Structure formats: structure tokens, C-alpha cells
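Take a look at the structure set out below.
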Amino acid sequence: MTTSVMIAFLPFGATTMSVRVRFAPSPTGHVHIGNIRAAIFNWLFARHHGGRFLLRIEDTDRERSTPEAVQTVIDALEWLRLDWDEPPVYQSAQRDRHLAAAEELLRKQLAYREDKGQEGRGECIVFRMPKRDISFNDAVKGLLRKNAEDLKDFVIVRSDGTPVFHLANVVDDIAMGITHIIRGDDHVENTFRHIALFEALEAPAPRYAHLPMIVNAQGKPYSKRDGAAYVGEFREKGYWPEALLNYLALLGWSPGGDREKMSREEMISLFSLDRVKSSPAQMDLRKLTHLNSLYVAEMPLETFIRHMREYTRRHEWAQKADPTLFERVAGLLQTRTPVFSQTEAWEHFFRDDITYDEKAVRKTLGQPGMRRVLETARACLTESDFSVAGLEAAVRRAAAASNLEPGRLNQPLRVAVTGSATGAGIFETMAVLGREKTLTRLQKAATLCAE
RNA sequence: GCGCCCAUCGUCUAUCGGUCAGGACAUCAGGUUUUCAUCCUGGUAAGCGGGGUUCGACUCCCCGUGGGCGCGCCA
């Protein structure tokens with residue numbers, strides 16, 4: 001018999017009780033991807049069980065915990081639509097409660113005052129770890145056990161009178177009625193202490209689930225230097241929240257089988273802690289981007305337009321862009337936009353001057369006789385209407401007139417008109433660009449051509 | 001150093017003792033397309049090593065090896 005039976009745990013089955021989980025970030029000015037992933041799992045778990053998802057701001061570090069930093073957390077959650085069910089609890093406001101708990105432990109001889117000498121000035125309050133083994137059944141890692149001799153007493157109130165993380169955390173969880181704690185792997189070792197605290201405070205311990213870390217290619221914790229690491233960065237780079245949510249949910253969890261792309265409703269109904277892996281997962285930006293492009297491609301055009309307006313706002317060319325033209329370009333480029341921030345293919349539609357890709361120019365316009373070929377094309381296009389079909393016919397005529405196979409003229413035209421060798425269909429592009437711009441650019445491009 | 005945890009294609013994963021070890025990203029080769037991308041078809045690619053248990057092990061156990069986490073008056 002292990003001692004774990006002596007510790008009161010909340011009932012095992014989530015169905016017979018109302019689930020209350022929490023996301024408890026310390027506001028630092030940014031929300032790390034690993035943290036938000038913990039929030040996602042908590043949220044999915046709560047929604048799956050019809051429970052409550054709560055928010056607790058661990059703002060005990062007064063230096064860093066500015067209102068702006070708190071807002072960053074709120075923004076991240078709102079952006080991903082991880083809604084919480086009760087007003088946020090601010091840990092800094094719970095101090096009396098924390099200290100009262102410490103006093104109670106002191107009274108019960110479960111904690112003691114001590115002057116540790118070191119940097120401390122005066123006495124701090126130390127929690128007395130029970131002299132026996134502690135074990136608990138982690139929902140993802142299984143039975144975890146720690147021997148008594150590996151568990152040391154620890155400080156719960158500093159000599160300056162401020163409560164330490166462990167105390168605050170447990171006291172708040174009790175006050176908030178938390179039933180399941182779903183958090184990062186790095187907290188596993190703390191759990192033994194926390195369980196002892198729950199017991200000492202005569203509260204049933206919640207069920208624990210420790211999520212594997214998100215790591216980089218070197219197996220180290222994923223950080224800013226490995227690419228985007230904060231929620232805000234993903235947003236800036238133009239990832240769609242549904243795609244990021246989907247991708248992050250798949251990091252360490254899988255519904256089984258081949259399911260990958262899922263709506264949030266599907267994830268909610270499929271989610272379960274026992275399908276969470278216990279090995280670390282490596283972040284793969286390429287897969288995220290691929291998933292994102294799928295989401296972008298399938299969203300309603302109006303939604304795409306709305307977001308592209310937002311993402312292009314900082315570009316000068318977009319500020320004065322004709323709304324109708326903007327919409328037509330969006331229609332042309334939606335399926336080739338992996339992330340909202342990728343606007344290279346947009347720019348030339350809205351500018352008078354275009355920049356030519358040197359390599360593309362050399363390869364196409366640099367061909368002998370190209371100046372005459374373009375002049376012929378320009379003549380044919382001048383006579384054409386600017387519908388897609390009309391343009392295609394005109395280009396075919398121009399190709400024939402220059403003794404070129406059908407299609408051989410397309411790339412030179414593309415480079416002449418857009419400056420680039422890649423892009424949407426050339427007929428569609430010219431149609432959207434319109435007669436005036438197309439013809440002007442063709443004329444201009446002649447100067448870049450070989451004789 | 002001590003304690004704990006982890007280990008399937010390059011990456012994310014499926015598999016709950018019996019599978020030609022499946023899917024996705026990436027990659028390669030074809031095809032479609034007016035370019036690129038998309039899309040379609042196909043290919044390369046995995047059970048860390050060694051012992052057990054079992055008729056049978058990726059799956060269970062043990063020992064290695066490798067990696068991670070923890071060991072604060074940080075959170």
C-alpha cells in the first residue's frame with residue numbers, strides 16, 4: 001500500500017463532478033507557445049466536460065506584471081477564442097488568504113519559522129514536508145512516486161512577508177475549487193510538494209495532468225530564437241487563430257487514427273487527457289504553415305479580404321488602394337496565400353512603378369528579338385477587350401504573329417507586366433490590372449528587352 | 001552528483017501482443033496547369049541497443065544508451 005491512499009484526491013471520474021480548470025499565466029508581456037498550449041488543453045478539457053475554464057493572473061512579480069502585460073494575456077486568449085467563465089482572479093489580491101494559510105500551517109505545527117541566514121533578513125516560513133512517500137496518478141504520465149527522503153522542506157513565505165509560488169498556487173486552487181490541473185511537464189516535481197500542501201490545508205488534491213514540453217530541433221525547450229515563440233508573433237506573421245489552435249492541439253495530443261484538420265467543435269468532442277502523449281514534441285513551422293494555408297484557402301472571400309485589409313494596412317500601397325481592385329486581387333490570390341503577411345504578389349497591382357526580378361528579366365525578356373515580340377503583343381492587346389477570354393485570345397494571336405508556340409509568350413508577358421516570374425494566371429492578372437496599367441507596363445518593359 | 005520522466009520515418013503522430021508498421025508535413029519523381037502555387041499519382045524513409053516473458057513483441061518486464069525536467073527566500 002502506498003501512502004497515496006491516505007491523501008484525499010478529488011473523485012476520479014470527471015463525469016460525476018463539475019470540472020473546474022484554470023489557466024494561470026504570470027504576465028510577462030508575451031505569451032509563450034507552450035503556455036498557450038496548456039491553456040488550449042485546459043479549455044478543451046473544460047468544454048468537453050461541460051465544466052468551467054478559469055483564468056488566474058499570477059501577478060506576484062510586481063515589476064513585470066504591468067497592466068499591459070496582463071492585457072497581452074487577455075489578447076492572446078481572445079484571439080484564439082479561449083473564453084473563460086468567471087472573472088479573472090488576480091493572485092496579488094489574494095495575499096491575505098495566502099498568509100492566513102501560512103499562519104494556519106504554523107499553528108498546526110506543519111510549518112515553522114526559520115532564519116536561513118543567507119541573503120534573507122530575518123525569518124521566513126518553511127513548510128514541513130511529511131516524512132513519507134508521496135504518489136499520485138497523473139492523467140498522462142501514470143503513477144508517479146517520490147520517496148520521503150527526496151522531498152525537502154521548502155519556504156512558503158519569504159522573510160519580507162511575501163508568499164512563495166507554491167503556497168499561493170495551492171491556496172488559490174483551493175479557493176477557486178480547481179478539480180484538474182493541466183500544466184507543463186516542468187511542474188511534475190512541484191506536484192509532490194503541492195499535494196502535501198493540499199493535505200496540510202485539509203483540502204482534497206486535484207487531479208493532475210502534465211503535458212510534454214514543446215522543444216526545438218535540438219530537443220531543448222522551444223524559444224524565441226527557434227522562430228516565432230509567442231502568440232503575438234504568430235498573429236503578426238499572419239497565422240489564422242483556428243489553424244494555430246488546431247496545430248497546437250495536435251502537439252502532444254491526437255484523437256487517434258488519421259484525423260488532423262479539425263474544427264474546434266470536433267476537437268472539443270474528441271478531446272481526452274488519456275490520449276495525450278508523454279514524450280516531448282518538436283514544433284514544426286512548416287506543418288503549421290501548411291495547415292494555415294488550408295484554412296486560408298477555405299475561408300469565405302469576405303473574411304479573407306477583411307483580414308488582408310488589416311494585414312496590409314501598414315503598407316503604403318495598401319492605404320490608398322482602390323477597394324474594388326483590392327477585392328479582385330484578393331480573389332486572385334487567396335489560394336496562394338499561406339499566411340496573411342505574405343503580400344509580395346499583391347504589391348504590383350497597386351503601384352505605378354514595379355520592381356523587376358533581375359533573374360526573371362534575363363531569362364525571359366533577355367531573349368533575342370523580344371522587343372519586337374512585346375511590341376506585337378502590345379498591339380494585339382490594344383485591340384482586345386480586357387476580359388480573361390479576350391486576353392487569352394489576343395495573346396494567342398500575338399504568339400502566332402511572332403511565330404511562337406501558344407503559351408511561349410506567357411512568361412515574357414508576366415515578367416513584363418508584373419516584374420516577377422511567378423504569380424496568378426497571366427490572363428486573370430492582366431484582366432484585374434486593367435487595360436491602362438497593362439499597356440503602360442508593356443511599353444515600359446520594352447526598354448528592358450533584347451533587340 | 002542525486003531524484004524523476006521520456007524514446008515509432010528528418011518532424012508530428014496511428015498502433016491499446018498477431019498490421020506488407022498507417023496518415024500528415026518535409027523531401028524526391030511523374031501528371032495536370034499559361035508560370036508559380038494548388039491539385040492528382042507514385043517513391044524514399046521508422047520501432048535506440050541488449051537481455052528476458054510469450055506460440056508470437058514496436059507494444060509487457062529488466063539492464064544499458066541517449067535526451068529532457070527538477071533539486072531557489074524564481075514562477
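All values derive from a computational prediction rather than experimental measurement. Basis for what follows: all heavy atoms, side chains included, without hydrogens, waters or symmetry-related copies. In what follows, chains are A, B, ... by sequence order, proteins preceding strands, each numbered from 1.
- Listed candidates were B:rU35, B:rC69, B:rU34. Nearest to the side chain of A:Phe427 is B:rU34.
- When the P atom of B:rC69 is taken as reference, atom NE2 of A:His210 falls 15 Å away, rounded to whole Å.
- For B:rG72, the OP1/OP2 oxygens have a side-chain nitrogen or oxygen of A:Lys152 closer than 4.0 Å.
- Comparing atom distances between the A:Gln282 side chain and each of B:rU35, B:rC73, B:rU11 picks out B:rU11 as nearest.
- Contact of the A:Tyr208 side chain with the A:Val140 side chain is not registered, since no non-hydrogen atoms from C-beta on lie closer than 4.5 Å.
- Residue contacts for A:Ala424: at a heavy-atom cut-off of 4.0 Å it reaches a base atom on one of the strands shown.
- Using a 4.0 Å heavy-atom criterion, one finds that A:Gly425 contacts the bases of the nucleic acid, with or without backbone contacts as well.
- Between A:Glu58 and A:Arg183 there is no salt bridge, since no side-chain N of the basic residue sits under 4.0 Å from a carboxylate O of the acidic one.
- Counting heavy atoms of neighbouring residues, nucleotides and ligands inside a 6.0 Å radius, atom CD of A:Glu358 does not exceed 12 of them.
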Please output the side-chain donor-acceptor pairs of residues 399-416 of chain A that fall under 3.5 Å, not counting sequence neighbours, one pair per line with the distance.
{"from": "A:Ser402", "atom 1": "OG", "to": "A:Ala398", "atom 2": "O", "distance (Å)": "3.4"}
{"from": "A:Gln411", "atom 1": "OE1", "to": "A:Arg414", "atom 2": "NE", "distance (Å)": "2.7"}
{"from": "A:Gln411", "atom 1": "NE2", "to": "A:Ala421", "atom 2": "O", "distance (Å)": "3.0"}
{"from": "A:Arg414", "atom 1": "NH1", "to": "A:Ala424", "atom 2": "O", "distance (Å)": "2.6"}

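- At most 12 non-hydrogen atoms from other residues, nucleotides or ligands lie less than 6.0 angstrom from CZ of A:Arg396.
- Aromatic ring centres of A:Phe271 and A:Phe41 lie closer together than 6.0 Å.
- Between A:Asp138 atom CG and B:rC69 atom C1' there is a gap of 14 Å when expressed in whole angstrom units.
- Distances shorter than 4.0 Å separate some side-chain N or O of A:Arg275 from OP1 or OP2 on B:rU15.
- Backbone-only engagement by A:Pro221 is indicated by non-hydrogen atom pairs under 4.0 Å involving sugar-phosphate atoms exclusively.
- Of the residues near RNA chain B, A:Pro163 and A:Ala421, the one whose nearest nucleotide (by heavy atom distance) lies more toward the 5' end is A:Ala421.
- Among B:rU13, B:rC39, B:rU35, the nucleotide with an atom closest to any side-chain atom of A:Thr422 is B:rU35.
- In this entry B:rC71 has B:rG1 as its Watson-Crick or G-U wobble partner, both defining distances falling under 3.5 Å.
- Base pairing annotation: B:rG66 forms a Watson-Crick or G-U wobble pair with B:rC6, both donor-acceptor distances under 3.5 Å.
- Between A:Ile156 atom CD1 and B:rC74 atom P there is a gap of 14 Å when expressed in whole angstrom units.
- When ring centroids are compared, A:His194 and A:His166 come within the 6.0 Å threshold.
- A:Ser26 comes within 4.0 angstrom of the backbone, heavy atoms only, and of no base.
- Going from atom CG of A:Leu270 over to atom C1' of B:rA14 covers 14 Å, rounded to whole Å.
- One donor-acceptor pair, N or O on each side, does fall under 3.5 Å between the base of B:rA75 and the side chain of A:Asn190.
- Base pairing of B:rU11: its partner is B:rA24, meeting the Watson-Crick or G-U wobble criterion (both donor-acceptor distances under 3.5 Å).
- Using a 4.5 Å cut-off on side-chain heavy atoms (C-beta onward), A:Pro241 and A:Leu245 make no contact.
- The interatomic distance linking A:Tyr247 (OH) with B:rU11 (P) rounds to 12 Å, in whole Å.
- Among the atoms of the strands shown, only primed sugar atoms or phosphate atoms (P, OP1, OP2) are found under 4.0 Å from some heavy atom of A:Lys220.
- Comparing B:rA75, B:rG68, B:rU11 by their closest approach to the side chain of A:Glu58 singles out B:rA75.
- When both distances must be under 3.5 Å, the Watson-Crick or G-U wobble mate of B:rG18 is B:rC55.
- B:rU11 atom P lies 17 Å from atom CG of A:Leu250, rounded to whole Å.
- Classification of A:Asp133 and A:Arg145 as a salt-bridged pair fails, no side-chain N sitting under 4.0 Å from a carboxylate O.
- When the nearest nucleotides of RNA chain B are assigned to A:Ile426 and A:Gln91 by heavy-atom distance, the more 5′-ward of the two goes with A:Ile426.
- The distance between the ring centers of A:Phe192 and A:Phe136 falls below 6.0 angstrom.
- A salt bridge does not link A:Asp226 to A:Lys220: none of the charged side-chain nitrogens sits closer than 4.0 Å to a carboxylate oxygen.
- For B:rG3, the OP1/OP2 oxygens have no side-chain nitrogen or oxygen of A:Arg193 closer than 4.0 Å.
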Using a cut-off of under 3.5 Å, enumerate the N/O to N/O pairs linking the protein to nucleotides 4-9 of chain B.
{"from": "B:rC5", "atom 1": "O2'", "to": "A:Lys141", "atom 2": "NZ", "distance (Å)": "3.1"}

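- B:rU32 is unpaired under the Watson-Crick or G-U wobble criterion, no partner having all donor-acceptor distances under 3.5 Å.
- A:Phe234 has its side chain out of reach of A:Leu80: every pair of non-hydrogen atoms, C-beta onward, lies at least 4.5 Å apart.
- Rounded to whole Å, the C1' atom of B:rG64 lies 31 Å from the corresponding atom of B:rG22.
- Straight-line distance from the NE2 atom of A:His194 to the P atom of B:rC71: 11 Å, rounded to whole Å.
- Taking only side-chain atoms of A:Phe165, from C-beta outward, the nucleotide of B:rU35, B:rC73, B:rA75 with the closest atom is B:rA75.
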Protein-nucleotides 22-28 of chain B N/O pairs under 3.5 Å:
{"from": "B:rG23", "atom 1": "O4'", "to": "A:Asp258", "atom 2": "OD1", "distance (Å)": "3.4"}
{"from": "B:rG23", "atom 1": "N2", "to": "A:Glu260", "atom 2": "OE2", "distance (Å)": "2.9"}
{"from": "B:rA24", "atom 1": "O2'", "to": "A:Glu260", "atom 2": "OE1", "distance (Å)": "2.8"}
{"from": "B:rA24", "atom 1": "N3", "to": "A:Lys287", "atom 2": "NZ", "distance (Å)": "2.9"}
{"from": "B:rC25", "atom 1": "OP1", "to": "A:His290", "atom 2": "NE2", "distance (Å)": "3.3"}
{"from": "B:rC25", "atom 1": "O2'", "to": "A:Lys287", "atom 2": "N", "distance (Å)": "3.3"}
{"from": "B:rA26", "atom 1": "O2'", "to": "A:Arg286", "atom 2": "NH1", "distance (Å)": "3.0"}

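- As a whole-Å value, the separation of A:Glu428 CD from B:rU35 P is 12 Å.
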